[in-house]
J.: 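Mind looking over this structure? Questions follow.
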Amino acid sequence: MQAHREAARRYGATWQKPKRRTTTVVRRDGREPLGLGNVIGMMMTERGMAAPAAGGSGLADFDTILTAVVPELAGRVQAVAFDAETGRLAVVPDLPAAGTQLRWSAPKLVAAANERVRGANVPALRVLAPAPVKASPTTAAAESAP
């Protein structure tokens, strides 16, 4: 074995340790790996299976709060869940651009939600993956009016 190494060195071959891969690849297109609990929770929230226990009036008033704070997002974002333990309000935009604008406007929305809905302490807004927004009664009435 030693003779082969010496011969390889004479002919210019060098041996290097293979480099370990130290970086992780994170896909930014919504396909990041998630835990099973997170996936099931998001699936239930997106399909409306989780009934909001507390903060129901915050969910009901979200459309009016959104219209007052960010009128250009009215009808493009829907509140889907309110977690009473953490105080997070989960919302779903219809397009990625609306989600980005919603993240930028999150501090104003949180302040307006805490001001308008007494008893609902909302410290954060959770923006879920974009999905088609179901028409709420106020949005459907506004679209049907001439």
Side-chain angles (χ1 to χ4, degrees), residues 1-117 119-136 138-140 142-143:
M1 186 69 135
Q2 186 69 18
H4 288 289
R5 286 186 187 145
E6 291 296 325
R9 279 192 202 119
R10 273 187 269 142
Y11 293 115
T14 59
W15 183 81
Q16 295 178 352
K17 253 183 160 176
K19 293 184 180 181
R20 292 186 66 187
R21 185 175 177 178
T22 58
T23 60
T24 58
V25 176
V26 177
R27 298 184 203 127
R28 296 288 178 203
D29 57 356
R31 298 184 303 162
E32 293 88 18
L34 297 172
L36 181 61
N38 291 341
V39 171
I40 291 174
M42 286 174 53
M43 182 184 70
M44 289 180 66
T45 302
E46 288 173 356
R47 288 177 172 75
M49 294 178 188
S57 62
L59 286 174
D61 292 342
F62 182 75
D63 288 335
T64 57
I65 294 169
L66 182 69
T67 304
V69 177
V70 190
E72 56 269 8
L73 289 179
R76 299 183 66 195
V77 178
Q78 181 180 14
V80 291
F82 179 76
D83 186 8
E85 293 177 11
T86 61
R88 279 189 175 171
L89 180 63
V91 295
V92 176
D94 64 344
L95 297 172
T100 301
Q101 191 172 6
L102 189 63
R103 286 181 190 94
W104 288 342
S105 306
K108 291 190 281 185
L109 279 170
V110 167
N114 287 331
E115 181 182 312
R116 286 191 107 169
V117 180
N121 185 16
V122 180
L125 195 66
R126 181 176 179 204
V127 181
L128 299 176
V133 175
K134 298 174 189 171
S136 65
T138 56
T139 308
E143 289 176 355

J.: Would Leu102 and Leu66 satisfy side-chain contact (heavy atoms from CB on, under 4.5 Å), going step by step from the backbone distance to the final call?
T.: CA-CA 10 Å; Leu102 189 63; Leu66 182 69; 4.3 Å; yes
J.: Going from CZ on Arg76 to CG on Leu95, what distance comes out if it is rounded to the nearest 0.5 angstrom?
T.: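 With rounding to 0.5 Å, CZ (Arg76) is 5.0 Å from CG (Leu95).
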J.: Which residues pass the salt bridge (charged side-chain N to carboxylate O under 4.0 Å, His left out) test with Arg9, not counting sequence neighbours?
T.: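 If we apply the salt bridge (charged side-chain N to carboxylate O under 4.0 Å, His left out) test to Arg9, skipping adjacent residues, the hits are Glu6.
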J.: Mind listing the closest non-hydrogen atom pair of Ala112 and Val69 along with its distance?
T.: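 Nearest pair, atom of Ala112 first, then Val69: CB-CG2, 3.4 Å.
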J.: How close do Ala113 and Ile65 get, heavy atom to heavy atom, and via which atoms?
T.: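 The answer is CA-CD1, 3.8 Å.
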J.: Among Val122, Leu89, Leu125, Val91, which one satisfies side-chain contact (heavy atoms from CB on, under 4.5 Å) with Leu109?
T.: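 Filter result, single survivor: Leu125.
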J.: Nearest 0.5 Å please: distance from the CZ atom of Arg126 over to the OG1 atom of Thr45.
T.: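 If I round to the nearest 0.5 Å, the distance is 6.5 Å.
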J.: Is any side-chain N of the basic residue among Arg88 and Asp83 closer than 4.0 Å to the acidic one's carboxylate O?
T.: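 Salt bridge: no.
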J.: Kindly give the heavy-atom pair with the smallest separation between Val92 and Pro130, and that separation in Å.
T.: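 That would be CG1-C, 4.4 Å.
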